[in-house]
There are 4 protein chains.
Amino acid sequence: MFFQINSHNGVPVYEQVYRQVTFAVANDSLQAGEMLPSVRQLARELAINPNTVSRAYRQLQERDIVESIRGTGVSIAKGARGICRAERSRILRQSMRQIIEAARQSQLQDIEIEKLFQTELGSRKGK
Amino acid sequence: MFFQINSHNGVPVYEQVYRQVTFAVANDSLQAGEMLPSVRQLARELAINPNTVSRAYRQLQERDIVESIRGTGVSIAKGARGICRAERSRILRQSMRQIIEAARQSQLQDIEIEKLFQTELGSRKGK
Amino acid sequence: MFFQINSHNGVPVYEQVYRQVTFAVANDSLQAGEMLPSVRQLARELAINPNTVSRAYRQLQERDIVESIRGTGVSIAKGARGICRAERSRILRQSMRQIIEAARQSQLQDIEIEKLFQTELGSRKGK
Amino acid sequence: MFFQINSHNGVPVYEQVYRQVTFAVANDSLQAGEMLPSVRQLARELAINPNTVSRAYRQLQERDIVESIRGTGVSIAKGARGICRAERSRILRQSMRQIIEAARQSQLQDIEIEKLFQTELGSRKGK
DNA sequence: GTGGTCTAGACCACG
DNA sequence: GTGGTCTAGACCACC
């Protein structure tokens with residue numbers, strides 16, 4: 001799997017797994033019907049606890065992105081692409097909104113906010 | 001006080017207090033020598049726990065933004081303005097960086113990230 | 001075979017096979033001496049794992065509902081009809097009991113439980 | 001708390017907690033704004049693991065039945081009553097539907113199903 | 001004190 | 001082999 005976990009960015013690990021699956025489906029990197037790696041295998045690959053993977057998978061299932069069958073495995077559900085695109089949008093919007101709101105709460109003007117954002121975005125372009 | 005607390009934006013309450021003082025000083029809305037409200041009074045006004053205010057004040061004091069004088073209260077320190085401007089910059093940069101990193105981890109292109117950000121910034125202009 | 005498997009109704013697949021054989025015998029749709037399809041064939045027909053069919057057959061055998069003769073196949077045992085009628089009764093009672101208990105644990109009155117049940121039973125009459 | 005756990009009825013423990021809170025709200029036994037017992041306290045009372053309570057509370061929160069604030073506790077959310085009534089209905093209907101479907105899959109007539117259900121319901125009336 | 005996350009390890013049911 | 005549940009215990013952030 002092409003996932004990577006960053007333990008120090010404040011986003012819970014299970015949420016990182018959740019998002020990466022979601023985004024991969026939104027991207028068409030994962031297609032409906034495909035199997036996800038087993039809980040244990042993905043846990044091994046990412047060097048995290050199986051329970052953590054399990055939690056991510058459960059969250060995917062609750063949102064109908066994934067279908068999980070005991071004894072068989074976990075596969076991408078039929079309508080997943082649409083759901084994942086909506087999810088991706090929701091997640092990103094929410095992040096953006098939070099940061100903007102926090103900046104505004106501190107009396108910053110929108111122009112200043114935008115400038116800061118672009119500076120930060122640009123400063124890593126080389127990486 | 002002209003502060004406002006939002007319990008649902010993910011930023012810890014003590015951090016919101018901390019930031020709002022810091023930004024007010026950076027803004028010159030609060031000037032060196034001015035007194036902050038007492039812990040209890042501010043807690044009452046904002047309807048939050050005094051411990052939370054206390055923690056914010058402690059953090060302000062640790063960074064030499066305020067001075068607390070026993071029996072008198074808490075006042076903005078002399079060199080606060082410079083410190084606060086640096087702090088403001090640091091805080092905002094860090095927020096921006098986090099959000100950008102999360103978006104990139106999800107395979108988004110910078111252009112898409114920027115577009116999303118601007119959409120979100122613009123969508124609230126009327127408010 | 002006239003069986004059908006529903007992967008999404010909570011009843012394990014092997015149990016569905018087990019029950020359908022049992023109920024067919026109780027019904028006289030299957031008679032003593034008749035052969036059941038081979039494990040592999042039934043698995044193919046129902047598009048399920050042979051292990052699953054095997055498990056169902058084993059359970060049928062343990063309760064003397066079928067006899068398996070090496071090299072020949074699996075047939076309905078002599079005394080099966082009586083056993084199956086008792087089994088059918090046991091299974092259904094148990095299902096009913098479970099659901100009633102769960103509803104009662106949630107503080108529902110028996111009258112409410114009955115009404116719900118009948119509504120649900122009636123609502124599918126047309127189908 | 002007036003909850004009770006039954007480890008042997010097939011319903012996961014966290015789900016039992018979830019349901020009992022939901023049903024209590026639907027009943028008006030718990031009202032919007034009320035605090036639930038803390039995770040640790042309820043775990044102690046029910047003699048289960050705090051993680052299990054936590055999972056139930058998380059599920060309540062995901063469905064907007066409960067609001068949980070770090071460091072403060074968990075309280076019944078504003079619109080909870082309506083949600084809980086819908087949830088209660090959903091849960092019960094689903095149980096009923098499952099059992100009816102299973103019975104029908106086994107070639108039972110609706111009249112027989114109903115008779116069985118009523119027998120089972122009546123047989124415990126005295127308890 | 002509160003809730004949230006994560007780990008480790010056990011046990012179960014299912015295919 | 002698979003996923004699901006539960007326990008025990010640790011650590012963190014917050015109030």
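Proteins come first, then strands; the chains are lettered A, B, ... in the order of their sequence lines, and each starts at number 1.
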- Task: Decide side-chain contact (heavy atoms from CB on, under 4.5 Å) for A:Val13 and A:Arg55; before the verdict, give the C-alpha distance in whole Å, the side-chain angles of both, and the deciding distance to 0.1 Å.
- Result: CA-CA 10 Å; A:Val13 176; A:Arg55 180 167 175 184; over 6 Å; no

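Among A:Ile76, A:Val21, A:Thr22, A:Leu30, the single residue meeting the side chain to side chain contact (heavy atoms under 4.5 Å, CB included) criterion with A:Cys84 is A:Thr22. Checking C:Leu46, C:Ile48, C:Thr52, C:Val11 one by one against C:Gln16, the side chain to side chain contact (heavy atoms under 4.5 Å, CB included) holds for a single residue, C:Val11.
Atom CD1 in C:Ile5 sits about 14 Å away from atom C1' in E:dC14, given to the nearest Å. As a whole-Å value, the separation of D:Glu62 CD from E:dG4 P is 11 Å. The NE2-C1' distance, from A:His8 to F:dA13, rounds to 16 Å in whole Å. Between the C1' atom of E:dC14 and the CZ atom of A:Arg40 lies a distance of 12 Å, rounded to the nearest Å. Regarding D:Glu67, its CD atom lies at a distance of 14 Å from the P atom of E:dG3, rounded to whole Å. In this structure, the OH atom of B:Tyr57 is 16 Å from the P atom of F:dC15, given to the nearest Å. For the pair B:Gln59 CD and F:dC15 P, the interatomic distance rounds to 12 Å; values are reported in whole Å. Rounded to an integer number of Å, the gap from CZ of D:Arg44 to P of E:dT2 is 7 Å.
Side-chain nitrogen and oxygen atoms of D:Ser68 include at least one within less than 4.0 Å of the OP1 or OP2 phosphate oxygen of E:dG4. Of the side-chain N and O atoms in A:Gln61, none sit less than 4.0 angstrom from OP1 or OP2 of F:dG3. Between A:Thr72 and E:dG15, a side-chain N or O to OP1/OP2 separation shorter than 4.0 Å is absent.
In this structure, C:Ile91 CD1 and C:Phe23 CZ are separated by 4.5 Å, a value rounded to the nearest 0.5 Å.
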Polar atom pairs between nucleotides 5-8 of chain F and protein, under 3.5 Å, N or O only, would you list them?
| unit_1 | atom_1 | unit_2 | atom_2 | d |
| --- | --- | --- | --- | --- |
| F:dT5 | OP1 | D:Tyr14 | OH | 2.9 |
| F:dT5 | OP2 | D:Arg55 | NH1 | 3.4 |
| F:dT5 | OP2 | D:Arg55 | NH2 | 2.8 |
| F:dC6 | OP1 | D:Val13 | N | 2.4 |
| F:dC6 | N4 | A:Asn51 | OD1 | 3.4 |
| F:dT7 | OP2 | D:Asn49 | N | 3.0 |
| F:dT7 | OP2 | D:Thr52 | OG1 | 2.7 |
| F:dA8 | N7 | D:Asn49 | ND2 | 3.0 |
| F:dA8 | N6 | D:Asn51 | ND2 | 2.5 |

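A salt bridge links D:Glu87 with D:Arg90; the closest basic N to acidic carboxylate O contact falls under 4.0 Å.
Considering only residues two or more places apart in sequence or on other chains, D:Arg19 meets the salt bridge (charged side-chain N to carboxylate O under 4.0 Å, His left out) condition with D:Glu15.
Proximity of D:Glu101 to D:Gln98: side-chain heavy atoms (C-beta onward) are nowhere separated by under 4.5 Å. You'll find the side chain of C:Leu92 stays beyond 4.5 Å of the side chain of D:Glu120, heavy atoms only. Counting heavy atoms from C-beta outward, D:Val74 and D:Leu60 have side chains that stay 4.5 Å or more apart.
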- Task: With pairs defined as Watson-Crick or G-U wobble and both distances under 3.5 angstrom, please note down DNA chain F as a dot-bracket string, | for pairing with another strand.
- Result: ||||||||||||||.

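D:Gln41 comes within contact range of no nucleotide atom at all, as no heavy-atom separation falls under 4.0 Å.
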